Amino acid sequence: MSRAKPADTRQGHNSSIPKHRPSQLPIVVPDPPSELNAYGRNLWQCIWEAGRSAYSDKTDFQAIARYCSLSQRRQELLKIIDEEGMITTGSTGQLVSHPACKLVDQIEGRLSPLEDRLGLNLESRLRLGISAAQHETKLSAFLNRGGN
């Protein structure tokens, strides 16, 4: 039976994770889908700029469009919940959770896998080999200020 070699004597690849090197060329952001409102268009711009050369308009357009559209719907539903409250009166007079709360939960369940695929969280950036500092700048600023 063989024993594991000490780390300092191992040979071979350090990592099979691809390294993302942001392009120094200006970013050409594709036009956003027409159904996006100001919030969605701003998120669209931030994601493409934050991803730099990690995204391709030929292969990632639909995934980013879906992410922005779902985020936009989530934002609109959260405004409704903020105005009307999380609890409402049901058909027989009982207190129930606002229907928009269930929709927000469903949307958030669909956003999470997209965030992983697009490298929008720390773990997925590390797995994709994208530098966190480069990727977070504009996108995190946008999300931290509430998207406005």
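Just so it is clear, the structure is predicted and the values come from calculations on it, not from any experiment.
- For L111 against S71, the heavy-atom pair with the smallest separation is CD2-OG, 3.7 Å.
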### Task
Report the C-alpha separation of K102 and Q106 in whole Å, then their side-chain angles, then the decisive distance to 0.1 Å, and conclude whether the side chain to side chain contact (heavy atoms under 4.5 Å, CB included) test is met.
CA-CA 6 Å; K102 182 178 181 183; Q106 290 174 348; 3.7 Å; yes
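- Scanning all heavy atoms of the two residues, the minimum distance from P113 to G109 falls at CD-O, 3.1 Å.
- Judged purely by atom type and a 3.5 angstrom limit, S69 has no side-chain atom pairing as donor or acceptor with the backbone of A65.
- At a threshold of 4.5 Å between non-hydrogen side-chain atoms, the residues I87 and H98 do not count as touching.
- Donor-acceptor pairing under 3.5 Å is lacking for the side chains of N37 and Q75.
- Between the Q94 side chain and the T92 main chain, a donor and an acceptor come within less than 3.5 Å of each other.
- The main-chain N or O of L118 is found under 3.5 Å from a side-chain atom of Y55 such that the two form a donor-acceptor pair.
- To the nearest 0.5 Å, atoms CZ (R117) and CG (D60) are separated by 11.5 Å.
- For the atom pair CD (Q45) and CH2 (W48), the distance works out to 11.0 Å, reported to the nearest 0.5 Å.
- Here the side chain of S124 pairs a donor or acceptor atom with the backbone of N121 at under 3.5 angstrom.
- Judged by distance alone, with hydrogens and angles left aside, the side-chain atoms of R41 form a donor-acceptor pair with the main-chain N or O of L36 at under 3.5 Å.
- Here the CD atom belonging to Q72 is positioned 11.5 Å from the CG atom belonging to N42, to the nearest 0.5 angstrom.
- In this structure, the ring of W44 has its center no less than 6.0 angstrom from the ring center of Y39.
- The shortest distance between side-chain heavy atoms of V104 and L78 falls below 4.5 Å.
- Interatomic distance, R74 CZ to K79 NZ, rounded to the nearest 0.5 Å: 12.5 Å.
- Of all non-hydrogen atoms in C68 and I47, the two that sit nearest each other are SG-CD1, 4.1 Å.
- From L43, atom CG reaches atom CD1 of I64 across 9.5 Å, with rounding to the nearest 0.5 Å.
- In this structure, L77 and I107 approach most closely via the heavy-atom pair CD1-CD1, 3.6 Å.
- Looking at L70 and R66, their side chains come closer than 4.5 Å, going by heavy atoms from C-beta outward.
- Between atom CD of residue E83 and atom CD1 of residue I81 there is a gap of 10.5 Å, rounded to the nearest 0.5 Å.
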